[in-house]
Enquirer: 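Sharing a structure here in structure tokens format.
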Amino acid sequence: MDEKLKGLKIYNTLSGSKEPFEPIHKNAVGMYVCGPTLYSEPHMGNMRTFINFDLVYRYLLHIGYNVKYVRNITDAGHITNSAGQQEDSIGKAAKLEQLQPLEIVYKYNVRFQNLQKIYNLLPPTIEPTATAHIQEQIEIIEKIIENGFAYVVNGSVYFDVQTYKKSFDYGALSGRKVEELENETRELNAQGEKRFFADFALWKKANENDMQIWRSPWGDGNPGWHIECTAMSTKYLGKTFDIHGGGLDLKFPHHEDEIAQSCGSSGKAPANFWMHANMLNVNGKKMSKSLGNFFLPQEIVEGSTALFDKAYSPNVLRFFMMQSHYRSTLDLTQEALNASEKGLARLTEAMEILNNLPTAKLSSFDTQALVRDFYAAMNDDFNAPILIAALFDAVKKINLVRDGQETITETDKALLISEMQGFVMDVLGLTLEGGQNDNRLKPVMDLVLELRQQARSNKDWGTSDLIRDGLKNAGITVKDGKDSTSWQ
RNA sequence: GGUCUCGUGGCCGAGUGGCUUAGGCACCGGUCUGCAAAACCGGUUACAGCGGUUCGAAUCCGCUCGAGACCUCCA
């Protein structure tokens, strides 16, 4: 087990390179991932990020780490854009739907929790909400003010980037330079109350039509966009923890500002490793609500989206996503999904075959080398596509053993079963569905195939094919092997 | 406009100096089969373009073309 722990390398956005992973506390990992803002239904692109970090979580657990995984739920929607205009996405949705803000959040959270089950995501250790941590946010803001990195204007509090950058490196994560930021903006900012264009709100004075308002030392208002993550990660994981993850689109400004808030309040950087998951594309473009090119995880499973002419199981979606690296963009097309569906079926089938594989006194191939490849792939920055390629190497061997072309010992078989199940089910998070394990169907199928076998023995091809075609219409494929017949 | 990333065979997608036939799907041929499917074996198609560095580049550098992300809420 220790050997497995040693090899893990993680690409750190901070350094732009793969680094050996060393947790702060031996064998224990603290991980924070930015969760969804629940003002509407999470779409498949959102799910990709959570599925990717589920993979990270699962592999860390698999190699023996004790992981505390914190993923927040944003239920306070106060947002200020660069032009100083205020827009509260949750409040906006609430007005549209004639509901209280927390009713909106509750409604979509129920769906989000359901999606997590459908897509087989392990529940995080805790999913804290922003509204339950207003006090913690206020305390951190007070600390930042005390340290001289924030100022109060007319009931609002802003982070003072110019003062901050004298002591810390603003832009360390995103590679942006404060001096250049101004030239980067496309439009002239209405600076308003801010001293400097790059300053960002920590606390915003309440508006008349705000639906969520809290009391604070600076008057009634609501927290800025970035402060909740700082408050909750600090509360549950400490001032500095191991891994901070999120979607690539959050890198700037959200994560950059989180770093500033942590350094500005505690003097310490929040995370040693920053991981960013890349976007899910549709026809080469990022899936997003504003572009309208999104579809919902539920729709794909139900086959109700107009983009595809059939339904896909959540397993297929997961497998499809695992076939690309988390740091690469991934293009979602029907053809690609069909390919994944077939590939997954082959993998699933091989796992069943493996369980019933005949054993021999000698193995004709190196099982341990196969297994080493599984770990090597995942240790290399969670390279799931390489892992899957290695799993298919094993699939080929399994089929060859079944066909009598290769042999495997009892010990090697047991190793392969446990490791393949571990990687396919525990690490990749796939559930092996279908197959011949339906208790009620199995005896019926045995009988039907026995009858067909009798017909075949009598060269009664008409009856034999009638049974085969009939089963096919019922969604069951008959496979004639050399000595026996199986079905799926 | 600024910053950054990417461009791999019919599709999806790994790989970052020589030795990966990556892998999956598709396609072609073969073995097996009563036929088919499945499985197995073999095969085809590739590194956007141009130039440079190097004994050697898909991999490093430069330019051109193309695509995308971020700079505003975003997974």
Side-chain angles (χ1 to χ4, degrees), chain A residues 33-37 39 42-53 74 77 79-83 85 87-89 92 171 174-177 180-187 189 198 225 245-254 276-281 284-290 319-320 323-325 327-347 349-350 353 377 380 383-393 395-396 398-400 402-406 456 459-461 464-465 468-469 472 477-482 485-488:
Chain A
V33 172
C34 292
T37 303
Y39 61 92
H43 58 63
M44 205 62 222
N46 300 322
M47 289 305 286
R48 184 186 179 205
T49 297
F50 301 134
I51 287 171
N52 274 140
F53 282 105
T74 297
I79 285 142
T80 305
N81 66 22
S82 67
Q85 293 158 339
E87 194 172 21
D88 171 357
S89 47
K92 205 165 132 189
S174 61
R176 287 163 195 275
K177 294 184 168 54
E180 292 170 5
L181 273 174
E182 195 155 23
N183 302 325
E184 291 181 10
T185 50
R186 286 164 304 184
E187 294 157 29
N189 289 331
W225 173 31
L248 189 59
D249 50 356
L250 295 181
K251 187 160 80 171
F252 188 88
H254 183 60
H276 289 96
N278 217 320
M279 302 291 103
L280 182 65
N281 288 178
K285 289 211 169 140
K286 173 184 165 184
M287 181 182 287
S288 74
K289 279 168 191 165
S290 49
F319 185 71
F320 165 70
Q323 280 184 295
S324 79
H325 189 82
R327 280 191 287 115
S328 302
T329 54
L330 172 61
D331 221 51
L332 181 51
T333 62
Q334 172 133 33
E335 205 178 349
L337 279 183
N338 285 340
S340 291
E341 188 170 48
K342 292 199 175 173
L344 178 60
R346 199 155 88 87
L347 178 62
E349 201 177 337
I353 292 167
D380 186 13
N383 200 325
I386 297 287
L387 166 63
I388 289 172
L391 287 169
F392 275 105
D393 287 343
V395 167
K396 191 166 267 190
I398 290 165
N399 286 324
L400 284 169
R402 181 205 51 189
D403 291 349
Q405 313 257 348
E406 300 263 16
R456 291 178 74 202
K459 299 199 190 303
D460 179 2
W461 310 130
S464 159
D465 291 353
R468 186 171 70 194
D469 295 345
K472 193 177 181 184
T477 308
V478 173
K479 295 172 183 175
D480 293 327
K482 195 160 187 164
T485 298
S486 62
W487 56 276
Q488 190 174 32

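By convention in this document, chain letters (A, B, ...) are assigned in the order of the sequence lines, proteins followed by strands, and residues within each chain are numbered from 1.
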Enquirer: OP1, OP2 of B/rA14 versus side-chain N and O of A/S328: anything below 4.0 Å?
Expert: yes
Enquirer: Between B/rA37, B/rA39, B/rG23, spot the one nearest the side chain of A/K479, thanks.
Expert: B/rA37
Enquirer: Rounded to whole Å, how long is the line connecting atom CZ of A/R456 with atom P of B/rC32?
Expert: 16 Å
Enquirer: Which whole number of Å gives the distance between the C1' atom of B/rC19 and that of B/rC40?
Expert: 26 Å
Enquirer: How long is the line joining CD1 of A/I386 and P of B/rU16, in whole Å?
Expert: 9 Å
Enquirer: Quantified in whole Å, what is the C1' atom distance between nucleotide B/rG7 and nucleotide B/rA46?
Expert: 13 Å
Enquirer: Mark yes or no for a side-chain to base donor-acceptor pair under 3.5 Å between A/N399 and B/rA38, with no hydrogen or angle criteria applied.
Expert: no
Enquirer: Rounding to a whole Å, what distance do you find between A/D403:CG and B/rU31:P?
Expert: 16 Å
Enquirer: For B/rG56, what is the paired nucleotide under Watson-Crick or G-U wobble rules, both distances under 3.5 Å?
Expert: none
Enquirer: For A/G247 versus A/T49, what's the shortest heavy-atom pair and its separation?
Expert: N-CG2, 3.9 Å
Enquirer: Is the distance from OP1 or OP2 of B/rC41 to the nearest side-chain N or O of A/K396 less than 4.0 Å?
Expert: yes
Enquirer: Using every non-hydrogen atom in the two residues, find where A/S324 and A/R48 come nearest and quote the distance to one decimal.
Expert: OG-NH2, 3.1 Å
Enquirer: Report yes if the ring of A/F392 lies under 5.5 Å from the six-membered base ring of B/rG23 with planes under 30°, and no otherwise.
Expert: no
Enquirer: Could you tell me the separation between the CG atom of A/D380 and the P atom of B/rA14, rounded to a whole number of Å?
Expert: 13 Å
Enquirer: Please determine whether the number of non-hydrogen atoms from other residues, nucleotides or ligands lying under 6.0 Å from atom NZ of A/K479 exceeds 12.
Expert: yes
Enquirer: Strictly below 4.0 Å: does A/N383 bring a side-chain N or O up to OP1 or OP2 of B/rG15?
Expert: yes
Enquirer: Would the base of B/rC70 count as contacting A/R176 through its side chain, where contact means a donor and an acceptor less than 3.5 Å apart?
Expert: yes
Enquirer: Name the closest nucleotide to the A/P385 side chain, picking from B/rA26, B/rA75, B/rG13.
Expert: B/rG13
Enquirer: In the structure shown, which nucleotide is the Watson-Crick or G-U wobble counterpart of B/rA48, with both distances under 3.5 Å?
Expert: B/rU64
Enquirer: Using the closest heavy atom to pick a nucleotide of RNA chain B for each, name whichever of A/V478 or A/N278 lands nearer the 5' end.
Expert: A/V478
Enquirer: Partner lookup for B/rC40, please. Criteria are Watson-Crick or G-U wobble with both distances under 3.5 angstrom; report none if nothing qualifies.
Expert: B/rG30
Enquirer: Specify the residue among A/A339 and A/G175 whose closest nucleotide of RNA chain B lies further upstream toward the 5′ end.
Expert: A/G175
Enquirer: Got a donor-acceptor pair under 3.5 Å from the side chain of A/R468 to the base of B/rA36?
Expert: yes
Enquirer: Tell me whether A/D393 is salt-bridged to A/K396, with the criterion being a basic N under 4.0 Å from an acidic carboxylate O.
Expert: no
Enquirer: For B/rA22, give the paired nucleotide (Watson-Crick: N1-N3 plus N6-O4 or O6-N4; G-U: N1-O2 and O6-N3; both under 3.5 Å), or none.
Expert: none
Enquirer: What's the closest nucleotide to the A/K285 side chain, out of B/rG68, B/rC12, B/rA75?
Expert: B/rG68
Enquirer: Report yes or no: is there a donor-acceptor pair, N or O only, under 3.5 Å between the side chain of A/S464 and the base of B/rG34?
Expert: yes
Enquirer: Grab the two heavy atoms, one from A/M279 and one from A/L248, that are nearest each other, plus how far apart they are.
Expert: CE-N, 3.4 Å
Enquirer: Provide the distance between the two C1' atoms, one in B/rU44 and one in B/rA48, to the nearest whole Å.
Expert: 22 Å
Enquirer: Using the P atom as the reference point in each nucleotide, state the distance between B/rA14 and B/rG23 in Å, no decimals.
Expert: 15 Å
Enquirer: Does B/rU16 pair with anything, Watson-Crick or G-U wobble, both distances under 3.5 Å, and if so, with which nucleotide?
Expert: none
Enquirer: A/F50 CZ to B/rA75 P: how many Å, rounded?
Expert: 6 Å
Enquirer: Mark yes or no: A/R176 above the aromatic ring of A/F252, with NZ or CZ under 6.0 Å from the six-membered ring centre and no more than 45 degrees from the axis.
Expert: yes
Enquirer: Given the C1' atoms of B/rA39 and B/rA75, what is the spacing between them in whole Å?
Expert: 40 Å
Enquirer: Within the pair A/K251 and B/rC70, is there a side-chain N or O less than 4.0 Å away from OP1 or OP2?
Expert: no
Enquirer: If you measure from the P atom in B/rA38 to the same atom in B/rC28, how many Å do you get, rounded?
Expert: 12 Å
Enquirer: Where the side chain of A/A389 is defined as all heavy atoms beyond and including C-beta, which of B/rA22, B/rA26, B/rC35 is the nearest nucleotide?
Expert: B/rA22
Enquirer: Counting just side-chain N and O atoms, does A/R346 come under 4.0 Å of either OP1 or OP2 of B/rC25?
Expert: yes
Enquirer: Could you work out the separation of B/rC27 and B/rC63 based on their C1' atoms and round it to a whole Å?
Expert: 38 Å
